[in-house]
Amino acid sequence: MKYSVNQKVIYVALNGKREEAIIIARKIDFKNGHIKTENASGSFDYLVSVEKNGLIEHHFCNEDDIE
């Protein structure tokens, strides 16, 4: 995986909009290959944090969704 935790990246949302984001988790760092948080789990490559209008959103994404 070419991105690391806490790295600033550009996340490309499903609608094609590009947003600044921070990597907060990678699937390779979890024993079973699934990112697991308090609120959700998924088998995507990364979990990113995006700030919108003062609110923080978390998005699961694959490496192709990040620049």
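- Taking NE2 from His34 and OG from Ser43, the interatomic distance works out to 4.5 Å, rounded to the nearest 0.5 Å.
- With rounding to the nearest 0.5 angstrom, the CD1 atom of Ile24 is 9.0 Å from the CD1 atom of Ile56.
- Closest non-hydrogen pair, Cys61 versus Tyr11, comes out as CB-CE1, 3.7 Å.
- By the 4.5 Å heavy-atom criterion applied to side chains, Ile66 and Val48 are counted as neighbours.
- The main-chain N or O of Asp64 is never found under 3.5 Å from a side-chain atom of Asn62 such that the two would form a donor-acceptor pair.
- Scanning all heavy atoms of the two residues, the minimum distance from Lys27 to Gly33 falls at CB-O, 3.5 Å.
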Inset, instruction - Might you work through the side-chain contact (heavy atoms from CB on, under 4.5 Å) test for Val9 and Ile23, ending with a clear yes or no? - result: CA-CA 7 Å; Val9 295; Ile23 304 288; 4.0 Å; yes
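- Here the OG1-CG distance, from Thr37 to Leu47, works out to 6.0 Å after rounding to the nearest 0.5 Å.
- Ionic pairing of Lys8 and Glu20 is not present here: no N-O contact between side-chain nitrogen and carboxylate oxygen is shorter than 4.0 angstrom.
- Atom NZ of Lys2 sits about 9.5 Å away from atom CD of Gln7, to the nearest 0.5 Å.
- Environment of CG in Asn53: sparse, with no more than 12 heavy atoms of neighbouring residues, nucleotides or ligands closer than 6.0 Å.
- Put simply, Ile28 and Ile22 are part of two different groups of oily side chains (I, L, V, M, F, W, Y) that touch within less than 4.5 Å, one to the next.
- In this structure the side chain of Val50 reaches within 4.5 angstrom of the side chain of His59, judged on heavy atoms.
- Between the side chain of Arg26 and the backbone N or O of Val5 there is no donor-acceptor pair closer than 3.5 Å.
- The aromatic ring centres of Tyr46 and Phe60 sit 6.0 Å or more apart.
- Taken to the nearest 0.5 Å, the CD atom of Glu67 stands 7.5 Å off from the OH atom of Tyr3.
- Considering CG of Asp45 and CD1 of Ile35, their distance stands at 7.5 Å, rounded to 0.5 Å.
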